[in-house]
Undergrad: 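First the structure, then my questions, so here it is.
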Amino acid sequence: LDERERNHIRLPLGKLHDFYSCNNISEAAVLLRTSLESIFLDNDSGELSHRLSIRAALLTGGSIDERLATYRMIKKAYEHGSAAVHRGKISSKKPGDVVLVLEKAAAVAKHAIKIYLSNPFDDWLTLELGAALKSTCATKK
């Protein structure tokens with residue numbers, strides 16, 4: 001990777017590492033949200049969680065049902081991160097479900113980082129409009 005590409009991946013990789021090291025679920029959700037945002041979002045404006053979820057689903061690929069499941073799961077993980085950021089905690093009657101969603105979203109972040117390391121790209125609009133990555137990276141984790 002060149003210097004620009006290394007700088008691009010440094011933050012999401014660091015935040016994902018911190019997520020796996022964190023014992024506080026609220027802090028872990030914020031760390032994961034930061035990692036996901038830095039992987040899937042760029043400087044354009046728009047609704048963040050929707051764009052992040054769409055891009056995660058496109059990158060991980062699979063059937064339409066699998067992509068829809070990824071979209072919903074990432075959106076839910078983002079909501080947990082938002083709750084942690086804005087309220088300082090995640091309120092849930094099922095904390096095990098929250099942990100499971102965050103772990104699944106972390107696996108998507110890990111997969112995206114691996115793809116980026118083997119095939120650096122930053123043209124999300126082209127991908128969203130149906131173009132493929134240079135190599136066959138849109139495969140399941």
Side-chain angles (χ1 to χ4, degrees), residues 1-129 131-141:
L1 301 178
D2 65 29
E3 185 64 27
R4 184 187 64 78
E5 293 164 346
R6 283 193 303 272
N7 288 336
H8 179 79
I9 203 68
R10 191 169 282 128
L11 176 66
L13 189 57
K15 293 300 179 184
L16 186 60
H17 176 269
D18 294 345
F19 166 83
Y20 282 114
S21 303
C22 188
N23 292 324
N24 179 294
I25 192 169
S26 294
E27 289 176 20
V30 173
L31 291 165
L32 179 58
R33 176 182 170 173
T34 303
S35 179
L36 291 167
E37 284 181 356
S38 61
I39 294 166
F40 293 109
L41 301 180
D42 44 32
N43 293 327
D44 61 342
S45 60
E47 211 272 289
L48 298 181
S49 68
H50 172 72
R51 282 196 349 261
L52 189 152
S53 300
I54 286 286
R55 292 171 180 184
L58 286 170
L59 195 66
T60 56
S63 70
I64 188 66
D65 288 337
E66 291 169 321
R67 286 179 280 154
L68 284 168
T70 298
Y71 174 90
R72 290 181 183 116
M73 179 270 302
I74 292 292
K75 196 148 177 82
K76 193 66 169 167
Y78 191 89
E79 290 170 8
H80 291 316
S82 291
V85 166
H86 298 292
R87 293 189 292 260
K89 65 178 183 168
I90 299 171
S91 299
S92 175
K93 293 180 181 176
K94 298 181 180 180
D97 290 351
V98 173
V99 170
L100 184 60
V101 166
L102 295 178
E103 288 175 350
K104 286 180 179 180
V108 170
K110 185 186 207 180
H111 179 67
I113 288 170
K114 286 179 182 178
I115 289 172
Y116 185 85
L117 288 172
S118 66
N119 184 20
F121 67 96
D122 58 8
D123 188 2
W124 284 108
L125 181 59
T126 301
L127 184 63
E128 289 169 342
L129 294 175
L133 293 172
K134 291 177 189 172
S135 62
T136 51
C137 292
T139 57
K140 286 309 278 180
K141 313 168 261 320

Undergrad: What residues, two or more places apart in sequence or in another chain, satisfy side-chain hydrogen bond (donor to acceptor under 3.5 Å, both in side chains) together with D123?
TA: T126

Undergrad: Answer yes or no on whether R33 is positioned over the face of Y78, meaning its NZ or CZ is under 6.0 Å from the six-membered ring centre and within 45° of the axis.
TA: yes

Undergrad: Verify the distance criterion only: is there a donor paired with an acceptor across the side chains of R4 and N7 at less than 3.5 Å?
TA: no

Undergrad: In chain order, what residues pass the salt bridge (Lys or Arg N to Asp or Glu O under 4.0 Å) check against K15, with sequence neighbours excluded?
TA: none

Undergrad: List in chain and number order the residues that pass ring pair (Phe, Tyr, Trp, His ring centres under 6.0 Å) with Y20, two or more places apart in sequence or in another chain; answer none if no residue qualifies.
TA: none

Undergrad: Closest approach of L36 and A105, non-hydrogen atoms and distance?
TA: CD2-O, 3.9 Å

Undergrad: Quick one: CD1 on I74 to CZ on F40, what's the gap to the nearest 0.5 Å?
TA: 6.5 Å

Undergrad: Over all heavy atoms of both residues, which pair between A77 and V101 is shortest? Give the atoms and the distance, please.
TA: N-CG1, 3.6 Å

Undergrad: Sequence neighbours left out, what passes salt bridge (Lys or Arg N to Asp or Glu O under 4.0 Å) with K76? Give chain and number order.
TA: E79

Undergrad: From the options V98, I25, L32, select the one residue that forms a side-chain contact (heavy atoms from CB on, under 4.5 Å) with H80.
TA: V98

Undergrad: Could you check F121 against L59 for side-chain contact (heavy atoms from CB on, under 4.5 Å), going step by step and ending with a plain yes or no?
TA: CA-CA 11 Å; F121 67 96; L59 195 66; 3.8 Å; yes

Undergrad: Only counting residues at least two apart or in another chain, list the ones meeting ring pair (Phe, Tyr, Trp, His ring centres under 6.0 Å) with H50.
TA: Y71

Undergrad: List the residues meeting salt bridge (Lys or Arg N to Asp or Glu O under 4.0 Å) with R6, not counting sequence neighbours, and say none if there are none.
TA: E3

Undergrad: Not counting sequence neighbours, which residues clear side chain to side chain contact (heavy atoms under 4.5 Å, CB included) with L117? List them please.
TA: L1, I9, I113

Undergrad: Quick one: do K75 and E47 make a salt bridge, cutoff under 4.0 Å?
TA: yes

Undergrad: Partners of V30 by side chain to side chain contact (heavy atoms under 4.5 Å, CB included), sequence neighbours excluded?
TA: T34, A84, V85

Undergrad: Spell out, as yes or no, whether a donor-acceptor pair under 3.5 Å connects the side chain of S35 to the backbone of P12.
TA: yes

Undergrad: I64: what forms a side chain to side chain contact (heavy atoms under 4.5 Å, CB included) with it, not counting sequence neighbours?
TA: R67, L68

Undergrad: Taking the side chain as every heavy atom from C-beta outward, state whether W124 and L129 have any atom pair closer than 4.5 Å.
TA: no

Undergrad: Strictly by side-chain hydrogen bond (donor to acceptor under 3.5 Å, both in side chains), give each pair with a member in residues 21-32 just once, sequence neighbours left out.
TA: none

Undergrad: Excluding sequence neighbours, so at least two apart, what forms side chain to side chain contact (heavy atoms under 4.5 Å, CB included) with K94?
TA: S92, D97

Undergrad: Applying side-chain hydrogen bond (donor to acceptor under 3.5 Å, both in side chains), can you list everything that pairs with E128, at least two apart in sequence or on another chain?
TA: R55

